[in-house]
Amino acid sequence: MHLGLSATYVLSLVTGALAIPSQQLVARQQPFTSTAITTHAEPWAFAFLPDNRILVTERRGNLRLVDPATKSMGAITGVPSVAYSGQGGLHDVALHPQYANNSVVYISYAESGTGGAGCALARAKLTLSANNAGALSGLEVIWRHSQRASGGLQYACRLLFGPDGALWVSAGEINQMTPAQSLTNNLGKIVRLYDNGTAFAGNPFASQGAIQSQIWSLGHRNPLGIDWDAQGRLWEVEMGPMGGDELNLIESGKNYGWPLVCEGKHYNGTTIPKHSTRPDFGAPKAFWVPVISPAGLIIYKGDLFSSWKGNAIITGLSSQSIVRVAITGDTAKEAQRISMGKRMRGIREDKEGAIWVIEDGANGRLLKLTPT
Ligand SMILES: *[C@@H]1O[C@H](CO)[C@@H](O)[C@H](O)[C@H]1NC(C)=O
Ligand SMILES: *[C@@H]1O[C@H](CO)[C@@H](O)[C@H](O)[C@H]1NC(C)=O
Ligand SMILES: *[C@@H]1O[C@H](CO)[C@@H](O)[C@H](O)[C@H]1NC(C)=O
């Protein structure tokens, strides 16, 4: 299954960088070619295998293996049943840092149970066979949301291994709001775990109890993207309600304020105090009113898009765009918004520095972006 489409995107004008000389501006607006590889039913995330093939999650619970060389794909069996409802289903996929030796992969997904659904994180061994087929075996749930909710909203649960070997999980607040402020649950938190799901030593609230010991930061709403920069700092994007999407620099023990402060409003129009009213909370380095609906994030580290090195590259759902944010020290500013004409869901960078994105929805295409 493939679409052989190729399109060169002509990039729109930078609004936030008028001080940059025009020659430099042209260089930074790196034009690129987009090559469609495969088409998926409601894809959510993807991860590269060492042999350049790509695991793609589809929200109903299908895990695919794509070979970009032939634009073909097969199915990986053994994914547990997922709570496909609202925003929930099969979410992220990540490889163990020693995957080449242990074949261990991680998946996050919405899981049904008493009281509704919550996010589960499982690890399993991946065995590959011919024609891009394969199977998960020995699947073991190693972490869960500590409570469940109906409605199927704001699970997030992006997975990322850090430079320290820790497994980072961005846990949404499943639309429960106030639990994001409490250390007695793991909703609306970024948690730092060992590869077996237990709390990593040295987490900031470790002395306060078992759940508390998982927590790295709190006060998050729908944290759909996390990535490292070259200095080893963790950045995060989260969706606000009506307005107030955020790009945050994540620090140990910090409270980012949801739902007590936000640059947006509740959907019923009720105002929320702004971050400026509570300087004790971590304020976003960039925010969006109206929203972009950030669904994925990389901090670009490659050489192919050399003028984008160190920038945050964010996929946007409602904005149907890729948003590039320049980071200088600990400040961040939108530098470019690239219209993609589709809701953009996931983003990753490959080892050559090409940027891959995946569209949202019924016929979401996996696209490889390379400089023109
Ligand atoms: C796999 O194991 C070999 C031998 O122990 C080691 O040299 C190599 O670094 C390991 N690879 C990874 C990706 O951990
Ligand atoms: C999980 O991994 C950590 C670090 O390797 C280890 O100290 C701990 O004993 C492990 N826990 C379990 C339950 O296996
Ligand atoms: C508006 O929505 C917020 C968040 O759900 C809720 O706390 C608040 O009570 C609502 N206000 C009104 C007037 O309905």
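Below, each value reflects all heavy atoms present in this structure, side chains not excepted, and no hydrogens, waters or symmetry copies. All ligand and atom numbering here is 1-based and tracks the order in the structure.
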*Asks:* Considering only heavy atoms of Met177, which atoms of ligand 3 have at least one such atom less than 4.0 Å away?
*Replies:*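 Ligand 3 atoms under the 4.0 Å threshold to Met177: 4 (C), 5 (O).
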*Asks:* Are any of the protein's heavy atoms under 4.0 angstrom from atom 2 (O) of ligand 3, yes or no?
*Replies:*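 At least one protein heavy atom is under 4.0 Å away.
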*Asks:* I need the nearest protein heavy-atom contact for atom 13 (C) of ligand 3: residue, atom name and distance, please.
*Replies:*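 Scanning the protein heavy atoms, the shortest distance from atom 13 (C) of ligand 3 goes to Thr270 OG1, 4.0 Å.
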*Asks:* Which atoms of ligand 2 have any heavy atom of Thr198 under 4.0 Å away?
*Replies:*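 Those atoms are 1 (C), 11 (N), 13 (C).
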*Asks:* Please tell me whether Gln181 and Asn255 have a donor and an acceptor in their side chains that are separated by less than 3.5 angstrom.
*Replies:*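 There is such a pair between these side chains.
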*Asks:* Set out, in order, the CA-CA distance, both residues' side-chain angles and the distance that settles salt bridge (Lys or Arg N to Asp or Glu O under 4.0 Å) for Lys309 and Asp303, then state yes or no.
*Replies:* CA-CA 7 Å; Lys309 208 187 255 286; Asp303 295 317; 2.9 Å; yes
*Asks:* Would you check if there is a donor-acceptor pair between the side chains of Trp288 and Glu334 at a distance under 3.5 Å?
*Replies:*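 The criterion, which ignores hydrogens and geometry beyond distance, is satisfied for Trp288 and Glu334.
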*Asks:* For Lys301 and Asp227: C-alpha separation, side-chain torsions, deciding distance, then whether salt bridge (Lys or Arg N to Asp or Glu O under 4.0 Å) applies.
*Replies:* CA-CA 11 Å; Lys301 299 176 186 72; Asp227 198 14; 3.2 Å; yes
*Asks:* With the threshold set strictly below 4.0 angstrom, can you tell me whether any protein non-hydrogen atom sits that near atom 11 (N) of ligand 2?
*Replies:*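 Yes, there is one.
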*Asks:* For ligand 3 and Asn268, I'd like to know whether there is a polar contact (N/O to N/O, distance under 3.5 Å).
*Replies:*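 Looking only at distances, the answer is yes, because the N/O contact criterion of under 3.5 Å is met.
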*Asks:* Heavy-atom contacts with Asn196 under 4.0 Å: which atoms of ligand 2 show up? List them by number with element.
*Replies:*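 Answer for ligand 2: 1 (C), 2 (O), 3 (C), 8 (C), 10 (C), 11 (N), 12 (C), 14 (O).
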*Asks:* Where the side chain of Ser213 meets the backbone of Ala199, is there a donor-acceptor pair that is under 3.5 Å apart?
*Replies:*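 A pair under 3.5 Å: no.
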*Asks:* Which residue and non-hydrogen atom of the protein lie closest to atom 5 (O) of ligand 2, and at what distance in Å?
*Replies:*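 Checking every protein heavy atom, the shortest distance to atom 5 (O) of ligand 2 gives Tyr194 CD2, 4.5 Å.
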*Asks:* Kindly compute the distance separating CE (Met242) from OG1 (Thr270), expressed to the nearest 0.5 Å.
*Replies:*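 If I round to the nearest 0.5 Å, the distance is 8.5 Å.
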